[in-house]
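Here is the structure we will look at, set down as structure tokens.
As a basis for the values below, the full set of heavy atoms in this structure was taken, side chains included, without hydrogen atoms, waters or symmetry mates.
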Amino acid sequence: MVTTRSTLRTQEMLLNMGPHHPSTHGVLRLILRLDGEVVEEVFPDIGYLHRGIEKIGESLTYKQFIPYTDRVEYLASMNVNHLYCMAVEKLAGIEVPERAEYIRVIMTELNRIISHIIGCGALAMDLGAFTPFLYGVVEREKVNDLFEMTCGQRLTYNYMRIGGVSQDLPEGFVEKTYAFLEEMERRWDEINRLITENEIFVQRLADVAVLTEADALSYNITGPNLRASGVDWDLRRDMPYSVYDRFDFDVPIGKGERGTVGDCYDRYLMRVRETYESLKIVRQALDGLPEGEVQAKVSKVFKPPKGEVYMRAENPRGEMAVYIESDGSTKPSRIKFKTPSFNSLGVFNKICRGQMLSDLVAVIGSFDIVLPEVDR
Amino acid sequence: MNRIEKIVKMIRKEEPEVLLRTEEEGQFPVLRVERDRVVPVLRLLRDDFGFESLMCETASDRGDRIDLIYHLFSTPHRETLVVKTVLSREKPQVETAEDVWKSANWYEREIFDLFGVEFIGHSDLVRILLPQDWVGHPLRKDYRPAPEYHGMKIEY
């Protein structure tokens, strides 16, 4: 008898993917129930990187906590810095000088660019294309140099302060950033030529792990992953914070160009296109950079009034939010980080059913999950 | 009548005596809801007022009680609404919101893990961030870690 798929005797198998697996982008363990190569169920086991940042926050003053926010998500530290400072400023009613707001936008968008470089590059690398990642990292180094010039750090920046930024831009920063924008645009075109239209790459991503609009909203998937499912929503455009209302940029939406709306390819494409938009925003912010102070007056012993605040920001992986409760003392009584990758992982069991085991790698990469952010 | 007044009126009609009080002076309007009926109110908000996502569900230990805080968001109306309910510290129990929003599944596992709140009817209420055999709920204000975990000293 010829063995076909219908006559083949298969047996269910439980398989551990991780905690140490090259494509899990950190320490993540997926417990898989497999039928042959087909995934029946996925149980993400998280918490390997839990550091209790929320608990630590309760024993530190508002200013002391800023370096910890870098560690919530190390690939987009500037964005988390920005979010936390905005939340505390909202709580205490502090006005940030205009120049500081512009500098913050420049920094967060540069950070978004290098975060998307890693996101897209790592996805390509997981699928076997090694070169784009290395090309991307060359550009990322240039941004790291810019950040190092500004605040002395290359990964955990601790640059923003409550009421502004720690120091003004160094001499030569603006020129170097303009130069970077030009090089980056060329290089991003080049990386795209290598993979975005590459038929093998497209076949690995198109129609894989489709996330519908209704599921995306119910699971509260945000950012590029939400837009890939066809929802026209970007916090920067629709509920602008900081000075985002002054810039002109487009919001790419998933249209299912090579497959279905909300598949892995759409999620990848959102990041590619968003990077161009971020380049546009940085250019506009540099053009309009006003003169002036970079730090508002904030008392040494900082005590915000009693109350609570919930602040959201559009981070590279989606909307991150911080919830702070203040009892009027120097330390917050509760800090909660709501992180986008946590929600992204929550949807895995729903959308990975029926996918091939090898496609799971593409799903993890396409959601651009960063584990320290999930575990906090 | 603005939308929040409409919401309050509707809840008073559908679920009388559930709404304890509303607060409008903060960043977002807050509805304080009685613990036993919080999930029906959330379902009403989702179905009739377009709050199609639960952005955040978290808890806070206020010393004498545990506050449970839901942050709801409606994309078409660009509106945020906060729903709060109060749980006892000794035996914190509340119905799960998992059937209303899928995202609540993991949020509630996290709250169970870090605060020890029991969500009745939850499909998979196990610890999510900490090891399954961890003792205690760290985000409670009176939490003291055990001296050691499997022979490893816990110091901080």
Side-chain angles (χ1 to χ4, degrees), chain A residues 43-52 54-59 87 90-91 213-222 226 231-233 235 238-239 307-312 319-325 327 332-339 342-350 374-376, chain B residues 23 25-28 30 46 50-63 66-67 69-76 78-82 84 98-107 109-111 113-115 124 126-132 134 137-141 143 145 156:
Chain A
F43 302 103
D45 179 14
I46 61 171
Y48 289 92
L49 296 168
H50 181 61
R51 290 145 294 162
E54 292 168 6
K55 183 75 177 174
I56 293 170
E58 290 173 9
S59 57
K90 179 111 190 166
L91 192 62
E213 185 182 330
D215 275 341
L217 290 170
S218 186
Y219 280 94
N220 194 31
I221 307 296
T222 45
L226 176 70
V231 182
D232 190 5
W233 178 262
L235 204 64
D238 297 318
M239 294 172 77
E308 57 184 56
V309 68
Y310 184 85
M311 196 77 205
R312 300 152 76 186
E319 273 173 31
M320 193 183 277
V322 60
Y323 172 73
I324 303 176
E325 269 178 16
D327 54 3
S333 67
R334 169 91 173 102
I335 288 192
K336 152 87 186 164
F337 276 98
K338 183 255 154 182
T339 52
F342 185 82
N343 291 59
S344 300
L345 261 182
V347 82
F348 265 41
N349 193 24
K350 169 94 188 171
V374 177
D375 296 341
R376 286 153 284 148
Chain B
E23 297 160 14
E25 59 280 357
Q27 190 188 9
F28 304 116
V30 179
R46 182 198 66 182
F51 288 101
E52 79 276 82
S53 25
L54 176 65
M55 289 195 293
C56 183
E57 179 180 349
T58 191
S60 173
D61 186 356
R62 310 302 292 256
I66 286 179
D67 272 3
I69 307 141
Y70 302 83
H71 280 87
L72 278 51
F73 188 65
S74 159
T75 317
R78 297 187 187 181
E79 190 175 36
T80 310
L81 184 70
V82 185
K84 285 191 186 183
E98 196 192 344
D99 306 327
V100 189
W101 296 284
K102 300 280 179 44
S103 55
N105 185 321
W106 276 33
Y107 294 150
R109 280 178 67 189
E110 187 185 321
I111 299 169
D113 192 354
L114 304 177
F115 285 94
D124 182 29
V126 292
R127 286 185 186 267
I128 188 166
L129 294 173
L130 299 175
Q132 298 304 329
W134 193 264
H137 303 288
L139 281 183
R140 288 211 179 192
K141 294 284 184 197
Y143 170 75
Y156 76 97

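- Looking at A:Asp238, both its backbone and its side chain come within 4.5 Å of chain B, counting heavy atoms on both sides.
- Here A:Arg312 is the residue among A:Arg312, A:Lys350, A:Arg376 with the most heavy-atom pairs under 4.5 Å with chain B.
- Once rounded to the nearest 0.5 Å, the distance linking CG of A:Asp375 with CD1 of B:Ile128 reads 9.0 Å.
- In this structure, chain B has no heavy atom under 4.5 Å from any part of A:Ile56.
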Practice problem: Report the C-alpha separation of A:Trp233 and B:Arg78 in whole Å, then their side-chain angles, then the decisive distance to 0.1 Å, and conclude whether the side chain to side chain contact (heavy atoms under 4.5 Å, CB included) test is met. | Solution: CA-CA 10 Å; A:Trp233 178 262; B:Arg78 297 187 187 181; 4.0 Å; yes
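- Here the side chain of B:Lys141 pairs a donor or acceptor atom with the backbone of A:Ser333 at under 3.5 angstrom.
- Scanning for side chain to side chain contact (heavy atoms under 4.5 Å, CB included) contacts around B:His137 gives B:Arg127, B:Arg140, with sequence neighbours left out.
- Expressed to the nearest 0.5 Å, how far CG of A:Asn349 lies from NZ of B:Lys102 amounts to 11.5 Å.
- Interatomic distance, A:His50 NE2 to B:Glu110 CD, rounded to the nearest 0.5 Å: 8.0 Å.
- Of the atoms belonging to A:Asp215, it is side-chain heavy atoms, and not backbone ones, that fall under 4.5 Å from chain B.
- Side-chain contact check for A:Tyr310 versus B:Val82: every heavy-atom pair is 4.5 Å or farther apart.
- Considering only heavy atoms from C-beta on, A:Thr222 stays 4.5 Å or farther from B:Phe73 through its side chain.
- Taken to the nearest 0.5 Å, the OG atom of B:Ser74 stands 10.0 Å off from the CG atom of A:Leu217.
- Both the backbone and the side chain of A:Glu54 come within less than 4.5 Å of a heavy atom in chain B.
- Atom OG1 of B:Thr75 sits about 10.0 Å away from atom CE of A:Met239, to the nearest 0.5 Å.
- Of the two parts of B:Arg62, only the side chain, counted from C-beta on, holds a non-hydrogen atom closer than 4.5 Å to a non-hydrogen atom of chain A.
- Atom OH of B:Tyr143 sits about 8.0 Å away from atom NZ of A:Lys55, to the nearest 0.5 Å.
- Looking only at side-chain heavy atoms (C-beta outward), B:Asp67 and A:Arg334 stay at 4.5 Å or farther from each other.
- Between the A:Ser218 side chain and the B:Trp101 main chain, no donor and acceptor come within less than 3.5 Å of each other.
- Residues passing the ring pair (Phe, Tyr, Trp, His ring centres under 6.0 Å) test with A:Tyr323 are B:His71, sequence neighbours excluded.
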Quiz item: Step by step, would you call A:Leu345 with B:Trp106 a side chain to side chain contact (heavy atoms under 4.5 Å, CB included)?
Solution: CA-CA 9 Å; A:Leu345 261 182; B:Trp106 276 33; 3.8 Å; yes
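- With a 4.5 Å cut-off on side-chain heavy atoms, A:Lys336 and B:Ile69 do not count as touching.
- A:Phe342 and B:Tyr107 have parallel rings, their planes meeting at less than 30° on a 0 to 90° scale where 60° marks the start of perpendicular.
- Per-residue counts of heavy-atom pairs under 4.5 Å with chain A were compared for B:Lys84, B:Arg46, B:Glu57; the largest is that of B:Lys84.
- In this structure the side chain of A:Asn220 never reaches within 4.5 angstrom of the side chain of B:Leu54, judged on heavy atoms.
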